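As structure tokens, the structure follows; a few thoughts come after it.
Here the structure is a predicted model, which is why all the values come from computation and not from measurement.
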Amino acid sequence: MARLHPLSKVRNIGIMAHIDAGKTTCTERVLFYTGRTHKLGETHDGKAVMDFMDQEKERGITITSAATTCMLNGCQINVIDTPGHVDFTVEVERSLRILDGAIGLFCAVGGVEPQSETVWRQAEKYHVPRICFVNKMDRVGADFFQVVAQIHDVLGANAVPIVLPINQGPEFEGLIDLVKMCQVRYVEDKGGTYPQDAPLTDAQKEYAEPWRKNLIEHLAELDETLLEKYFSGEEITEAEMRAAIRRSTIAQEICPVLCGSAFRNKGIQRLLDAITDYLPSPLDVPMAVGTDASGAKVERPAGDEEPVAALAFKVVADKHVGKLIYVRVYSGKMEAGSYIFNSTKGKQQRIGRLARMHANHREDVECLYSGEIGVAIGLNDTVTGDTLCSQEQPITLEAIDFPTPVISIAVKPCSNGDRDKLSQALLKLAEEDPTFTVHFDKETENTVISGMGELHLEIIVDRIRREFGVQVECGAPEVAYRETCTQVVTHEERFKKQTGGHGQFAHVLIKMEPLEKGAGYEFVNEIKGGNIPREYIPAIEKGFKEGLEEGPKAGYPVVDLRITLVDGSYHEVDSSEMAFRTCALSAFRAAFSKAKPILLEPIMKLNITTPTEYAGGITGGLCSKRGRILGIDPISQKTQLIRASAPLANLFGYTSELRNITQGRAGFNMQFDFYEPVPQNLAEEIVEERRKRRSGK
């Protein structure tokens, strides 16, 4: 099968936004107006093509990123629709890692909402060029110019409108195209709403001229040719403007801003034109960079004739075909039935089948070419972040960073016969989602699952029940507490045990000291003169690391301390690695108990967008949760952004509480910020409760 379109005509784009800004509705319109679908799907009635999971249909939200491919203006557009809820931010993170361009979607009423800022920063992290689309222009309170100002002020982007709305709110009629200098009206035809260009009226010209001048000035600042023409008074052609907008967008010097109403089918065609005209192809972005077998930096240019290099960015368990490995091919081509080298694992694997995805439907292909996104079937040893490449010219691409889970619950099957099924279900779900982790607590004999928030774990449990047919019981959410020490102590430990035959002997002198917040763990070896042979040092460090896993105070992981091995001694016959490991563990526990250990709790950063009249009630509620108000910033005349921090332990159920306070009109996002000491009276309660739970009382 030949390539559908040349590489210069490929667009890999994602749609990112705050929850309920209209991402999926916009994607459904993109599919309809490119001919990919023949019926409009809606999120509110569960008929959206891209929201195919049962949980997505029921809740009307996107949970997992969905990919599809459509064609327009001679371009192949690979689209990824990402979630807007902060609990599923991993889907945005791994999508932006492999995309060449993105559409930042904003609600014309809500503007730059909390999660809008989060996904925007993620796009900046991966240097993804963006265009902006202000959606819901037909809503009461819509304000296009206010949103443009927020994009500029809050996100720090050089937001430049390239269209203007004709009226706003329920009277929204159409657009003024500042590049073509025409008005765009919409007519109903064949089940869709289609644009018709018409000349501007005198009033519209007067309205549009300052904004066209603003666009030209921004472009002229970045393009010397346009600058000369601008100052000499020459007319700048439409083609010159489009070329300048494209160059500036790809260089991330401007963010073109469009607007419309996806639900009313207005503005989508201009958005599609902007995708093909202004967003980059794989040839327009920097080459893929990785390391070779020796660790040296390697660049791999896009092109079908180059050695193959692809990144596995997502894994999905399919009950019919097994694991679907979503890949972005950066160079070369992947062929079905061929062998490919997983440089991350050091394994050669055979590609069984290849496919392009249309939401949850597979369309088998013989080959995935450079610049394309698709799925590979049969790569059972491949996980998210692995590099797939040529064994003759290996490369390892930069992996994806994922945030650490912050909330945990205990799960157990209702029937003992379902234990194996539960284990298999959790293993498959953990393979799919790097922010979902599973571990077994030996003390309580509980299976503990951890994730990014309450909704995240709620969806996981729902999937266990529906997709894997395992009925489970859930314990109360557990906070991921940590332990650390607050004083410098030295401790000497001797381990001596005499049994039949050789005995066991080890002797260590250690110094334990606290480190600054977030510093982690540090081991220093100061043994000189062979008091402890070199071969026993790794065993001693293993003993310390074993102690870090479960702190003596309450059994939580230990962080932010340095252990220095100062001195010690050994016995030529009785000393062994096991003896020194056991001695080190005992020394760690004894020293930690003397170093005035404290409990640390995760503090979450909250960004709450609320109508002004509810701000007082929200701040009062946060203060009652040991929260701190960091700032209150006006977003518009009637909306405020409250920046705060609060302990995670007091934020369970906050979504429902906030809805009750504000009649459902406020929204918030929450993410881990740092750990800080728990107040002494609360720490004692937590430790006592933990001990009871671990002892089974």
(Q) R270 vs L175, test: side chain to side chain contact (heavy atoms under 4.5 Å, CB included). Steps then yes/no. (A) CA-CA 9 Å; R270 278 305 195 268; L175 308 172; 4.0 Å; yes
Q) In terms of side-chain geometry, is the basic nitrogen of E93 or K125 positioned less than 4.0 Å from the acidic oxygen of its partner? A) yes
Q. Between E299 (side chain) and V289 (backbone), is there a donor-acceptor pair under 3.5 Å?
A. no
Q. So, for L96 and V119, which heavy atoms are closest and what is the spacing to 0.1 Å?
A. CD1-O, 3.9 Å
Q. Is the count of non-hydrogen atoms from other residues, nucleotides or ligands lying under 6.0 Å from E234 atom CD greater than 12?
A. yes
Q.
Run K229 and E235 through salt bridge (Lys or Arg N to Asp or Glu O under 4.0 Å) and show every step you take.
A. CA-CA 7 Å; K229 293 189 77 171; E235 183 67 26; over 6 Å; no
Q. So which heavy atom on N78 is nearest to which on I373, and how close?
A. ND2-N, 4.1 Å
Q. How about C132 and I103: do any of their side-chain heavy atoms sit closer than 4.5 Å?
A. no
Q: Determine, for K333 against D304, whether the closest basic-nitrogen to carboxylate-oxygen distance falls under 4.0 angstrom.
A: no
Q.
Is it the case that atom NZ in K213 sees more than 12 heavy atoms from other parts of the structure closer than 6.0 Å?
A. no
Q) Between the side chains of T25 and E28, is a donor N or O closer than 3.5 angstrom to an acceptor N or O? A) no
Q) Which of parallel (below 30°), tilted (30 to 60°) and perpendicular (above 60°) describes F313 and Y326? A) perpendicular
Q. Got a sec, which pairs hit side-chain hydrogen bond (donor to acceptor under 3.5 Å, both in side chains) with one end in residues 241-250, sequence neighbours left out?
A. D223-R247, E238-R242, R242-D277, R242-Y278, R246-D284
Q: Give me the one residue out of V257, L164, V134 that meets side chain to side chain contact (heavy atoms under 4.5 Å, CB included) with F145.
A: L164
Q | Worked verdict on D100 versus R11 for salt bridge (Lys or Arg N to Asp or Glu O under 4.0 Å) | A | CA-CA 7 Å; D100 300 324; R11 302 286 183 270; over 6 Å; no
Q.
To the closest 0.5 Å, what do you measure between CD1 (I245) and CD1 (I162)?
A. 5.0 Å
**Q.** Basic-acidic side-chain contact under 4.0 Å: R212, E209
**A.** no
(Q) With a 4.0 Å cut-off on N to O distance, would you call R463 and E432 a salt bridge? (A) yes
Q) In Å and rounded to the nearest 0.5 Å, what is the CG to CZ distance from L311 to R328? A) 9.5 Å
Q.
Can you confirm whether the side chains of R130 and Q252 place a donor and an acceptor under 3.5 Å from each other?
A. yes
